[in-house]
Amino acid sequence: MLDRKLIAKDPDRCRAALARRGEATVAELEPFFDLETEWKALKAENDDKKHQLKQGGRGFKDLDPKGAEAKELRQTLGTLSDGIKAAEQRIREIEQTREQLLLALPNFPDEATPDGADESDNVEVARWGEPPVFDFEPRPHWEVGESLGILDFEAAARMSGSRFAVLRGAGARLERALAQLMLDSARSRGYLEVAPPFLVRRHAMEGSGQLPKFEQEAFKTAGEGELFLIPTAEVPLVNLHREEILDPEQLPLKYVAHTPCFRSEAGSHGKDVRGLIRQHQFNKVELVKLTTPESSAQELEELRADAEHILEILGLHYRTIRLCAGDMGFSAAMTYDLEVWLPGQQTFREISSCSVCSDFQARRAAIRYRAAPKKNRFVHTLNGSALAVGRTLIALFENYQQGDGSLAIPEALRPYLGGLETLTP
RNA sequence: GGAGGAGUGGCCGAGUGGUCGAAGGCGGCGGUCUUGAAAACCGUUGAGUGUAAGCUCCGGGGGUUCGAAUCCCUCCUCCUCCGCCA
C-alpha cells in the first residue's frame, strides 16, 4: 500500500510515479483527494466534540444522579453524542472507501526502474554462459521428458484437467534433488529454512499484495472458513512478521521456503499450453528478506546473485533483465528477471523474478522496525525465486539432452541422486 | 464434533461502568554508588494520528450508555476435559 501521507503531501509526484505504470492507474488515484479532504475536516471536528463529551461527562461526579441538573446534562450530552455517532459513521465509510482505493493501487516504481510499457522495453543487464551446442536438433522438454518416461501429461489431465503434470520415477526424483540443492544453497548463504502453511487467510494475501486486485488469479477453498492456496511462498514468508515491530539488530531477516504454488492462470488461455511452462501447480524455492530502507537496494543485488548462483552451478546459460515500469508486478518497485536459455524452443524463459517491494508490503502487513527510539519505520521487503523448480527441470531436459535420447546430469546435482551421471530411457 | 475456561503494554499481571492508556513486578534504557562489575537505590520505558491542544487503540467487529478494558452480541485465537483421527 502506498503512503497516504505522502500522497496528500505531494500529489503531483505521486501522479507522476503512477503514470509510469500507465495512465489508467493515475485515474484510479483521483478520488482519493476529495475523500482525504473530507475525512480530515470531519475527523478534526469530531475529535473536538469527543473532547467536549469526555469533559462534560466528568460533571456527573458532583451531581445527584436523579436530580434535575443531571437530567439536563444527560440530555445535552446525549445530543452531542448522537452527533458524534453520525459523524463517525460517515468517517468509517470514507475510511473504508479510501482503504479499498489504496489497496488497489500498485507500488511506485523505483527511480532505477526503466520507463516502458511492456516487455519490449525491459533492459538486459547481464548474460552468463553460452548456449549448448548440439550435433542434432534439440527437442522441446515435453518430448525429452515423455520419451524418457518420466513426464506424463495425459495421466494428469485425466484426473485434474489441463495445466497439470505427473512426474514419474527419475523425473520425480530429479525434481526433489533440484529443490534440495536449492535449499542447501540458500541455507549456506544465510537463509533460514521455513516450512509454512500452503493455505492462508484473506488478510495474508492482502498483506503481500495479491488481494484485493487479483482474486481471480487465486484458488480458494469452498464453504465456511475461506482459505486461499498460496500462489507463492512469498505470501506466508512476508506475513511471518505481520504486525510486529522488529529490532534493527535482527535485520536483515532472510528466509527460504520450498512450497507448491497454485495459480488459476485466469486470462492466460491459449498461452504456453504445451509443456511444463505454465501450470496450475508447481514447486518453487522462494527467498524473502526483510531489511531497512537504507540497505534494500544492496540486498536486491545479493538476492539476485543468490538466484543466479543456482543457474551457474547447474551450468545453465541465462540472461538477467531489469523490468520496465509497465511490465513490473503490482507490489514491486524494482525487479530483475532471470531468463534461462531453452534450446529446444530457441528462446529465453523466465525462471526467477527478484524484486524489492520497498515499504509497500510492509505497510499492508504492518511490519515495522525501531529505526531510533520512538521512531518506528516500515521495513523493506524483497522476494525472489531461487528457483522455480519445475522450470529448472525443463531447462535441464532441454540443455542436457543427448543425441541418444538420454539425459546428462549436471555435476552439482549428482550428489543428490546417488552419483547418477546419465538418465537413460 | 461436544462441554467448559481465557485473551490487558516486550513479558508476567491488577483492574467489573466515570480523571484508566491503564497499578505492581520482570525485562530494557539512563543515572547514583563502585577501581570495574554485581547488588541496592533514583528516574525512565506501548502504538497510531495531528503543527499543537487533542483524539484513537486493553484479541477483531458491532451494540447498550451521557460515559465501556469493565455490560451485551458476534467472530478469531489459545487452554482444559471428552469423542474422533493421519
Side-chain angles (χ1 to χ4, degrees), chain A residues 1-10 32-33 35-100 102-103 195-207 211-212 220-221 223-228 236 239-251 253 290 359-379:
Chain A
M1 189 149 60
L2 299 173
D3 183 358
R4 223 185 76 222
K5 281 184 277 180
L6 181 68
I7 302 175
K9 208 173 99 189
D10 200 347
F32 169 84
F33 299 102
L35 286 170
E36 184 68 7
T37 308
E38 188 185 354
W39 179 83
K40 254 192 149 154
L42 270 176
K43 186 86 175 156
E45 191 192 332
N46 215 44
D47 280 1
D48 209 51
K49 282 188 184 163
K50 276 183 173 175
H51 182 56
Q52 285 174 37
L53 182 69
K54 252 185 161 174
Q55 292 296 327
R58 289 176 184 172
F60 284 102
K61 268 273 159 96
D62 310 316
L63 296 179
D64 169 12
K66 285 176 187 155
E69 278 180 294
K71 193 180 171 190
E72 197 183 319
L73 184 58
R74 218 181 329 268
Q75 207 153 48
T76 313
L77 294 182
T79 312
L80 189 60
S81 175
D82 288 346
I84 291 170
K85 275 176 193 156
E88 259 177 355
Q89 181 148 11
R90 177 62 189 149
I91 289 170
R92 257 201 303 266
E93 273 171 32
I94 296 173
E95 282 173 350
Q96 271 168 21
T97 312
R98 187 180 64 185
E99 178 86 354
Q100 286 311 306
L102 288 175
L103 280 174
F198 305 155
L199 291 154
V200 297
R201 289 228 177 95
R202 176 171 288 270
H203 70 249
M205 293 282 278
E206 281 172 356
L211 291 183
K220 65 178 169 190
T221 59
E224 262 185 280
E226 166 193 80
L227 286 169
F228 291 85
N239 280 281
L240 227 39
H241 291 284
R242 193 182 179 77
E243 283 161 54
E244 282 184 29
I245 300 173
L246 302 164
D247 184 339
E249 305 288 305
Q250 298 173 264
L251 304 176
L253 286 164
L290 307 182
D359 60 5
F360 187 81
Q361 293 178 320
R363 184 171 290 107
R364 289 170 165 244
I367 309 168
R368 291 167 292 174
Y369 75 104
R370 218 172 291 287
K374 291 270 182 188
K375 183 104 181 83
N376 298 328
R377 295 170 73 193
F378 291 108
V379 298

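Here is the naming used below: chain letters follow the sequence lines, and residue numbers restart at 1 for every chain. Since we're looking at a predicted model, the values are computed, not measured.
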Exercise for the section: Whole angstrom is fine here: how far is it from CZ in A:R370 over to P in B:G27? Expected result: 18 Å
Problem - CD (A:E72) with more than 12 external heavy atoms under 6.0 Å - result: no
Practice task
For B:U19 versus B:G31, give the span between their P atoms, rounded off to a whole number of Å.
Solution key: 37 Å
Practice task
Taking only Lys NZ, Arg NE, NH1 and NH2, and the carboxylate oxygens of Asp or Glu, determine whether A:R98 and A:E36 approach each other closer than 4.0 Å.
Solution key: yes
Exercise for the section: Write down the distance separating the P atoms in B:G59 and B:G7, rounded off to the nearest Å. Expected result: 8 Å
Problem - Which atom of A:A8 lies closest to which atom of A:F32, heavy atoms considered - result: N-CE2, 4.2 Å
Practice task
Determine the Euclidean distance between corresponding C1' atoms of B:U16 and B:C20; express it in Å to zero decimal places.
Solution key: 13 Å
Fill in the blank from the handout: note: A:F378, atom CZ; B:A47, atom P; distance rounded to Å ~ 13 Å
Practice task
For atom CD of A:Q55, decide whether the heavy atoms of other residues, nucleotides or ligands shown that lie under 6.0 angstrom number more than 12.
Solution key: yes
Problem - A:N239 side chain vs A:A204 backbone, donor-acceptor pair below 3.5 Å - result: yes
Exercise for the section: Could you work out the separation of B:U65 and B:G10 based on their P atoms and round it to a whole Å? Expected result: 34 Å
Problem - Strand RNA chain B in bracket notation, Watson-Crick/G-U under 3.5 Å with | for pairs to another chain - result: ((((((((.[[[..)..(.....]]]((((((.......))))))((((....)))).[[[[[..)....]]]]])))))))....
Handout entry: More than 12 heavy atoms from other groups under 6.0 Å of CD on A:E69
Key = no
Completion exercise
Here the distance between atom C1' of B:G10 and atom CD of A:E243, to the nearest Å, is 16 Å
Fill in the blank from the handout: Tightest non-hydrogen contact, residues A:E38 and A:I94, listed as CD-CD1, 3.6 Å
Completion exercise
Note: for A:R377 and A:R58 on RNA chain B, the residue whose nearest nucleotide lies more 5' is A:R58
Practice task
Without swapping roles, check the side chain of A:R242 against the backbone of A:A365 for a donor-acceptor pair under 3.5 Å.
Solution key: no
Handout entry: Protein proximity profile, nucleotides 65-71 of chain B - base contact B, sugar-phosphate-only contact S, no contact -, cut-off 4.0 Å on heavy atoms
Key = BBS----
Fill in the blank from the handout: In whole angstroms, the gap separating C1' of B:C76 from CZ of A:R202 amounts to 16 Å
Exercise for the section: Would you mind checking if A:E95 and A:R4 are paired as a salt bridge, meaning a charged N to carboxylate O distance below 4.0 Å? Expected result: no
Handout entry: B:G62 and B:U70, which share atom name P, separated by this distance in whole Å
Key = 14 Å
Exercise for the section: Mind calculating the distance between CD1 (A:I245) and P (B:A47) to the nearest angstrom? Expected result: 6 Å
Exercise for the section: Examine B:C76: is either OP1 or OP2 under 4.0 Å from a nitrogen or oxygen in the side chain of A:R201? Give yes or no. Expected result: no
Completion exercise
5' to 3', nucleotides 50-61 of chain B under a 4.0 Å protein heavy-atom cut-off (B base, S sugar-phosphate only, - none) gives S---BSS-----
Fill in the blank from the handout: Smallest heavy-atom separation, A:F378 atom then A:D359 atom, equals CB-CB, 3.8 Å
Handout entry: B:C84 to B:U45 separation - C1' atoms, rounded to the nearest Å
Key = 49 Å
Exercise for the section: Would you mind reading off the distance between A:D247 atom CG and B:G27 atom P, rounded to a whole angstrom? Expected result: 18 Å
Completion exercise
Of all heavy-atom pairs linking A:Q100 and A:P212, the shortest is OE1-CG, 4.4 Å
Practice task
For the pair A:E88 and A:R92, find out whether any cationic side-chain nitrogen is under 4.0 Å from an anionic carboxylate oxygen.
Solution key: no
Handout entry: Whole-Å gap separating P (B:G10) and CG (A:N376)
Key = 10 Å
Problem - Nearest-Å distance for atom pair CZ/C1', residues A:R242 and B:U77 - result: 15 Å
Exercise for the section: Take atom C1' in B:G83 and the same atom in B:G18, then report the distance between them in whole Å. Expected result: 48 Å
Problem - Distance, C1' atom - from B:A23 to B:G13, rounded to whole angstrom - result: 10 Å
Problem - A:F228 to A:R201 - nearest heavy-atom pair and separation - result: CD1-C, 4.3 Å
